[in-house]
Each structure stands twice: as structure tokens, then as C-alpha cells.
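Not measured: the values here are computed from a predicted model. Convention: sequence-line order gives letters A, B, ...; per-chain numbering from 1.
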Amino acid sequence: MRLSRFFLPILRETPKEAEIASHRLMLRAGMIRQEAAGIYSFLPLGFRVLQKVCQIVREEQNRSGAIELLMPTIQSADLWRESGRYDAYGKEMLRIKDRHDRDMLYGPTNEEMITAIFRSYVRSYKDLPLNLYHIQWKFRDEVRPRFGLMRGREFLMKDAYSFDLDFEGAKHAYNRMFVAYLRTFARMGLRSIPMVAESGPIGGNLSHEFIILADTGESEVFCHSDYLGFDVPGPDVDFGNVATLQKIVDQWTSLYAATSDKHDEAAYAALSGDKRLSARGIEVGHIFYFGTKYSTPMKALVAGPDGVERPVHMGSYGIGPSRLVGAIIEAFHDEVGIKWPQPVAPFQVIILNLKQGGSDTDAACEQLYAALTAKGIDTLYHDLDERPGAKFATADLIGIPWQILVGPRSLAEGKIELKRRSDGLRELLSPTDALIRLSA
RNA sequence: CGGGGUAUAGCGCAGCCUGGUAGCGCGGCAGUUUUGGGUACUGCAGGUCGCAGGUUCAAAUCCUGCUGCCCCGACCA
């Protein structure tokens with residue numbers, strides 16, 4: 001992509017409403033635009049990151065055996081009357097009426113709808129286990145939205161719903177998501193720590209929040225520092241193997257880890273001093289087992305091998321991709337801008353032509369741009385007529401992992417400069433060597 | 001939902017106290033200049049001063065009401 005043909009509205013000054021780093025940087029980098037309190041447009045750069053995040057989430061959901069579908073944002077109130085939540089949910093739910101004066105709502109979550117889908121088609125234990133998920137916009141009319149994408153009213157959520165015949169099956173479904181979540185966040189460069197959680201208004205009694213540590217996190221968390229060193233399961237983990245998954249989950253739940261809501265001062269104090277980790281955290285995922293909370297009132301029944309019908313055991317599993325975009329920035333930035341982990345970066349490489357209009361630099365940039373593009377590497381070519389300093393500032397701000405600096409000084413020796421955004425490491429290389437390096 | 005702020009050009013702000021028909025920086029456009037860390041200069045464009053009422057010869061400025069947005073707290077992916 002040539003910057004001259006892209007839409008990247010960089011802000012030189014920070015809008016006053018942005019307090020935390022991710023919000024400030026997303027606005028400045030032209031990733032998002034606020035439309036109302038807690039409601040944002042994703043501009044092209046931000047949308048690219050959001051799509052990268054969704055794709056990783058999707059791949060790991062699929063790997064674990066979950067199946068993607070897509071439910072609507074607007075739901076009928078009748079569905080929620082069945083579960084009793086239409087009255088219980090409160091003002092967080094955006095309630096609307098259609099032209100026939102029917103009660104509708106903008107979905108804050110989809111337990112009711114997925115249960116209705118399930119009961120329409122599934123009658124037998126032979127169709128289980130089943131895990132259905134979608135990635136769809138949610139609306140929760142938060143009293144006080146804040147921190148940009150971290151706490152929006154409209155937000156993108158991956159929500160998965162598992163269906164099993166009994167608790168044992170549901171436990172394995174829970175473990176599958178547990179392991180998938182560890183992998184999902186790790187692939188984005190994040191170390192997530194599962195913490196014992198309140199089950200909240202969704203209900204249930206087996207629940208973990210996946211927290212990543214960041215100074216600007218909303219919650220105060222306490223955990224054993226060994227969590228930082230645990231191995232994350234590899235891509236070859238056998239999601240069908242009950243014992244294997246249980247072993248992984250047992251390890252990742254063996255040590256103390258809790259948010260301030262569930263904090264047990266005594267248990268924490270019992271840890272040896274050098275293992276105590278007290279920090280701020282951001283909740284990026286939340287998983288629940290809630291048994292038959294919805295299947296019973298909504299009559300989602302399946303026949304077991306004995307022919308007896310019983311309510312299906314369910315769990316729900318959420319990840320907030322739009323929040324993750326903010327969370328990743330909280331974890332990876334410095335004073336001048338974002339430092340995207342490679343897997344979620346909107347572009348892999350940015351070429352900075354330090355003398356736009358110079359025949360040598362232009363030619364070298366065009367060649368690099370063509371070669372990188374041919375190799376399938378997402379490349380942004382900064383081809384605007386700007387001062388080198390402005391280009392450096394832009395590149396650092398938007399945080400593309402690799403910068404290729406093409407200027408007359410190094411080009412005289414047949415070299416370009418390759419700069420890594422994460423640590424500022426610079427190397428003088430021939431364009432050919434740079435290509436090899438970036439293709440690796 | 002309680003408490004506190006704020007609203008003037010795309011962004012950041014001054015002007016309001018003491019009423020007289022709107023200004024600065026950045027950004028944008030045209031040009032000159034410069035070419036390895038946001039260069040300098042010239043010119044130009046851009047504003048229903050959040051909305052509605054009121055007071056006044058005259059309102060960005062004073063009064064009343066409303067709304068949006070932000071921050072702190074209680075609540076959530």
C-alpha cells in the first residue's frame with residue numbers, strides 16, 4: 001500500500017479526551033474515531049489490526065473444535081422473556097421498538113438466541129459435544145464508557161457456547177476453551193493469566209478471567225509470578241484428549257491468581273515473598289460454565305443413551321477483539337508510539353523514502369516495494385513529500401514492526417537501513433539482504 | 001447513578017470577569033526553501049462561538065433551561 005493512496009489521518013496533537021496510552025495512540029495514529037460516548041468507527045489502520053486479531057481468534061477457536069456461525073445484533077424481546085433476563089438485565093440493555101411496536105433489543109450477549117437455535121435442531125446426545133461461536137458487535141449501555149476501546153458501549157465480541165450432555169462433558173468443553181484462550185493471547189504476543197472470577201450476571205459457578213498485565217489495566221490483580229514462565233500449549237495440542245487438556249488446565253490453575261474482587265489476602269500472603277506479583281491487569285477473555293441455567297427454562301433438552309431427555313449443559317466463552325486492540329497497545333508502546341507485535345501488525349514493513357523525488361531513492365524504494373509485495377509481505381510505502389523527521393515520527397507512531405530507511409547517505413554505499421521498532425535496533429544492509437531478512 | 005469539569009476553525013487553546021460583531025499555535029491548500037528525527041518564510045481558505053430562550057441599542061461574553069463530551073467513584077468482554 002502506498003501511503004499516498006491510503007487513508008491515514010494522523011493527528012499531531014493529542015485530543016484532550018484521551019487519557020490512557022492506547023486511546024491516545026489510536027486516535028493519533030488514525031486508527032479509530034469516536035462517534036458517540038463509547039462508540040467508535042474503525043478507520044483503515046485500526047480495522048486492519050482488528051481483522052488480524054479476529055483472524056487469530058477464529059483460527060484458535062476452529063482448532064479447538066468450535067464452529068463459527070453468525071447471529072444478528074438485533075434480537076426479539078420474547079426470547080429474553082423466556083429466560084427471565086428481559087426484566088433482570090436492567091438499563092445496560094438497549095431496548096428498541098420496531099415499526100409494529102414490537103419489543104426488540106440490541107444484543108448484549110447471545111445465550112438465549114444460541115439456546116433457541118440449539119433446541120430447534122438438536123435432540124440427541126449423538127450430536128454432542130457441540131460448540132458454536134460467532135464474532136459480532138454487542139451493545140451494553142454502560143453507565144460510564146471510558147478509555148476508548150477498552151470500555152466501549154458498542155464492542156466486538158467473540159462469544160462461543162458449548163453444549164454437552166453432562167457435567168463431565170461440559171468440563172472438557174470448558175477446558176478446550178481454556179487452552180484455546182491461552183494460545184490465542186500468546187499468538188498476539190500477550191501473556192495471559194487465568195484468574196478465578198466472579199460469574200457475574202451471566203451466572204454459573206466455574207469461571208475464569210483471562211488477564212494480561214499492564215500498568216494501565218482497570219483491575220488490580222494478585223498472582224504467583226511463576227505464571228509468567230509457564231509454557232503455552234503448542235499448535236499440536238490434542239483438543240480431543242480429555243486427560244491432556246485437564247493436565248494443562250490443572251497446571252494453569254494450580255497457583256494463586258485472583259483479581260481484587262476475589263482476592264484472598266491470606267492465601268496471597270502465604271506465597272513466598274519473591275513469588276508475589278501484584279499488578280494491574282486487563283481482562284481480555286472470560287469463560288463460564290453455567291450448566292442448565294438457560295437450557296432448563298428454555299427447554300433445550302437432549303435424549304441421553306438411556307432415552308431420557310435432560311437439559312443440556314452449557315458454557316459461554318467471550319473474547320473482546322476490539323478491547324484486545326487497545327490491550328495490545330497498552331502492553332506494547334513507548335513515548336512516541338505503538339510497537340505492534342508482528343502477528344497483529346497492520347503492516348509488516350514500512351518503507352521510508354527519505355528523499356522523495358530523488359531519482360536514486362525513488363528507484364530503490366519502488367524496487368523494494370515491488371519485491372516485498374511480490375513476496376506477500378504487507379508493506380506500507382511512505383511515498384509522501386515529507387521531511388525525513390516527519391516520516392520517522394509517523395512510522396514510530398503507527399508502530400509497524402520493521403522500518404526500511406532509504407536515504408541518499410546510505411544508498412551511496414548501496415545500503416539501506418533496517419530498523420526494528422520493538423527495540424530500535426538498526427542495521428545497514430544491501431536491499432537484497434534486507435529482503436532475505438524480512439522474508440525469514 | 002452520585003460528584004466534578006468542559007463545549008470558541010480539522011486538532012490544541014486564548015478571548016468571557018469588566019458586553020461593542022472573533023484571535024493564536026498546529027494542521028490544510030498554493031508557492032519558495034530544505035532533504036537522516038515533526039525546516040523556515042509568504043500568501044490563501046476555514047468559525048450558525050454546543051442548542052433554545054431571555055436581558056440589552058448591541059451577547060462568544062450576562063441570565064434561564066436543555067444537550068453533548070470528559071474525569072473521579074459504584075458496575076462490566
Side-chain angles (χ1 to χ4, degrees), chain A residues 9-20 23-24 27-28 30 33-39 53 57 89-93 107-110 135-160 181 197-202 207-212 218-219 259 261 282-288 316-327 336-337 352-358 360-362 384-397 403-412 415-417 419 424 426 428:
Chain A
I10 298 261
L11 266 38
R12 197 159 165 168
E13 286 171 271
T14 305
K16 63 176 174 187
E17 73 270 16
E19 290 282 312
I20 65 168
H23 190 197
R24 196 170 63 233
L27 288 170
R28 284 202 55 215
R33 175 188 135 85
Q34 181 169 351
E35 303 297 352
I39 301 178
V53 168
V57 169
Y89 216 93
K91 298 184 79 169
E92 267 203 356
M93 184 155 74
T109 177
N110 285 62
I135 300 177
Q136 177 63 288
W137 293 95
K138 303 292 187 290
F139 193 91
R140 293 184 189 173
D141 202 355
E142 296 272 347
V143 214
R144 182 153 103 84
R146 59 187 125 172
F147 304 143
L149 293 186
M150 304 289 283
R151 185 75 175 277
R153 290 194 293 171
E154 187 177 61
F155 59 97
L156 195 58
M157 182 159 99
K158 184 287 299 180
D159 39 325
Y181 276 31
E198 294 284 358
S199 51
I202 305 273
S207 177
H208 284 91
E209 287 181 14
F210 285 73
I211 302 278
I212 64 162
E218 274 200 89
S219 7
T259 61
D261 309 343
I282 301 169
E283 180 184 353
V284 289
H286 201 157
I287 61 179
F288 304 89
S316 76
Y317 315 89
I319 290 180
S322 49
R323 169 181 283 186
L324 263 172
V325 174
V336 295
L352 303 183
N353 188 341
L354 302 183
K355 186 171 183 180
Q356 202 73 43
D360 293 347
T361 48
D362 283 5
L384 299 179
D385 186 18
E386 286 181 5
R387 300 270 307 180
K391 293 193 177 189
F392 294 140
T394 296
D396 287 346
L397 174 63
Q403 300 174 10
I404 298 181
L405 282 50
V406 181
R409 191 190 290 174
S410 47
L411 207 53
K415 300 282 177 64
I416 56 87
E417 195 170 332
K419 178 183 162 189
R426 296 152 174 272
L428 270 178

**OP:** Output all residues satisfying side-chain hydrogen bond (donor to acceptor under 3.5 Å, both in side chains) with A/R33, sequence neighbours left out; order by chain, then residue number.
**Re:** A/E35

**OP:** Identify the heavy atoms of A/T361 and A/K355 that sit nearest to each other, and give their distance.
**Re:** OG1-O, 2.7 Å

Original post:
Under 4.0 angstrom, heavy atoms only, what part of the nucleic acid is A/G152 near: base, sugar-phosphate, or nothing?
Top reply: base

Subject >> Distance between C1' atoms of B/G50 and B/A9 (Å, rounded) >> reply: 15 Å

**OP:** Could you tell me which residues satisfy ring pair (Phe, Tyr, Trp, His ring centres under 6.0 Å) with A/F139, sequence neighbours excluded, listed by chain and number?
**Re:** A/Y106

Original post:
Is a donor on one side and an acceptor on the other found under 3.5 Å between the side chain of A/Y181 and the backbone of A/Y317?
Top reply: yes

Original post:
Which part of the nucleic acid does A/R426 contact within heavy-atom distance under 4.0 Å: base, sugar-phosphate only, or nothing?
Top reply: base

Subject >> Pair of N/O donor and acceptor under 3.5 Å linking B/U34 base with A/R387 side chain >> reply: yes

Original post:
So what does A/G318 hit on the nucleic acid, given a heavy-atom distance under 4.0 Å: a base, only sugar-phosphate, or nothing?
Top reply: nothing

Subject >> Test side-chain contact (heavy atoms from CB on, under 4.5 Å) applied to A/Q356 - qualifying residues, sequence neighbours left out >> reply: A/N353, A/D362, A/Y381, A/D383, A/D385, A/K391

**OP:** Nearest 0.5 Å please: distance from the CD atom of A/E209 over to the CD1 atom of A/I287.
**Re:** 10.5 Å

Original post:
Taking atom OG of A/S322 and atom CE of A/M150, what is their separation to the nearest 0.5 Å?
Top reply: 10.5 Å

**OP:** Indicate, with a heavy-atom threshold strictly under 4.0 Å, whether A/D159 touches base, sugar-phosphate, or nothing.
**Re:** nothing

Original post:
Measuring from A/R146:CZ to A/E218:CD, what's the distance to the nearest 0.5 Å?
Top reply: 5.5 Å

Original post:
B/C75 P sits how many Å from A/R146 CZ, rounded?
Top reply: 11 Å

Subject >> Atom-to-atom span, CD1 of A/I282 to P of B/C76 - whole angstrom >> reply: 18 Å

Original post:
B/G2 pairs with which nucleotide, Watson-Crick or G-U wobble, both distances below 3.5 Å?
Top reply: B/C72

**OP:** Respond yes when some side-chain nitrogen or oxygen of A/Q34 is under 4.0 Å from OP1 or OP2 of B/C70, and no when none is.
**Re:** yes

**OP:** Would you kindly give the CD-to-C1' distance between A/E142 and B/A74, to the nearest whole Å?
**Re:** 12 Å

**OP:** First locate atom CD of A/Q34, then atom CG of A/L27, and finally report the distance between them rounded to the nearest 0.5 Å.
**Re:** 7.5 Å

**OP:** Check the distance between B/G37's P and A/K391's NZ and give it to me in whole angstrom.
**Re:** 14 Å

Original post:
Given the C1' atoms of B/G46 and B/G53, what is the spacing between them in whole Å?
Top reply: 30 Å

Original post:
What interatomic distance, in whole Å, is found between C1' of B/U64 and the corresponding atom of B/A59?
Top reply: 15 Å

Original post:
Below 3.5 Å, does any donor atom in the side chain of A/R144 face an acceptor in the base of B/C69, or the other way round?
Top reply: no

**OP:** For residues A/K91 and A/V143, determine if any side-chain heavy atom of one lies less than 4.5 Å from a side-chain heavy atom of the other.
**Re:** no

Subject >> P atoms of B/C75 and B/C69, separation to the nearest Å >> reply: 23 Å

Original post:
Heavy atoms under 4.0 Å, any strand shown: does A/K91 hit a base, just sugar-phosphate, or nothing?
Top reply: sugar-phosphate

Subject >> Closest-nucleotide ordering on RNA chain B, the 5'-leading residue of A/V143 and A/L411 >> reply: A/V143

Original post:
Looking only at atom C1', what distance separates B/G10 and B/G28, rounded to whole Å?
Top reply: 8 Å

Original post:
Checking all strands, does A/I319 fall into the base, sugar-phosphate, or nothing category for heavy-atom contacts under 4.0 angstrom?
Top reply: nothing

Original post:
Want to settle it: does A/I10 or A/H23 sit nearer the 5' end of RNA chain B, counting the closest nucleotide to each?
Top reply: A/I10

**OP:** Please work out if A/R153 contacts a base, only the sugar-phosphate, or nothing of the nucleic acid, heavy-atom cut-off 4.0 Å.
**Re:** nothing

**OP:** In whole angstrom, give the distance that lies between atom CE of A/M150 and atom P of B/C71.
**Re:** 13 Å

Original post:
In whole Å, what separates the P atom of B/G3 from that of B/U56?
Top reply: 35 Å

Original post:
Within the structure shown, what part of the strands sits under 4.0 Å from A/A393 by heavy-atom distance: base, sugar-phosphate, or nothing?
Top reply: base

Original post:
Considering every strand shown, what is the Watson-Crick or G-U wobble mate of B/G20 when both distances are under 3.5 Å?
Top reply: B/C57

Original post:
Mind checking what makes side-chain hydrogen bond (donor to acceptor under 3.5 Å, both in side chains) contact with A/K138, not counting sequence neighbours?
Top reply: A/D159

Under 3.5 Å, which protein N or O atoms sit close to an N or O of nucleotides 11-13 of chain B? Give each pair with its distance.
residue : atom : partner : partner atom : Å
B/C11   : O2   : A/E13   : OE1          : 3.2
B/G12   : OP1  : A/K16   : N            : 3.0

Original post:
Is the closest side-chain heavy-atom distance between A/L352 and A/P388 below 4.5 Å?
Top reply: no

Subject >> Base partner of B/C41, which must satisfy Watson-Crick or wobble distances under 3.5 Å >> reply: B/G31

**OP:** Please evaluate the base of B/G10 for a donor-acceptor partner in the side chain of A/R33 within a cut-off of under 3.5 Å?
**Re:** no

Subject >> Length of the CG-P vector between A/L27 and B/C70, whole Å >> reply: 11 Å

Subject >> A/Q403 CD - B/G36 P separation (whole Å) >> reply: 16 Å

Original post:
Using a cut-off of less than 4.0 Å, is there contact between a side-chain N or O of A/R12 and OP1 or OP2 of B/G27?
Top reply: yes

Using nucleotides 28-33 of chain B, report all nitrogen or oxygen pairs with the protein that are shorter than 3.5 Å.
none

**OP:** Mind calculating the distance between CG (A/N353) and C1' (B/G36) to the nearest angstrom?
**Re:** 12 Å

Original post:
Using purine N1 to pyrimidine N3 plus N6-O4 or O6-N4 for Watson-Crick, or N1-O2 and O6-N3 for G-U wobble, each under 3.5 Å, what pairs with B/A7?
Top reply: B/U67

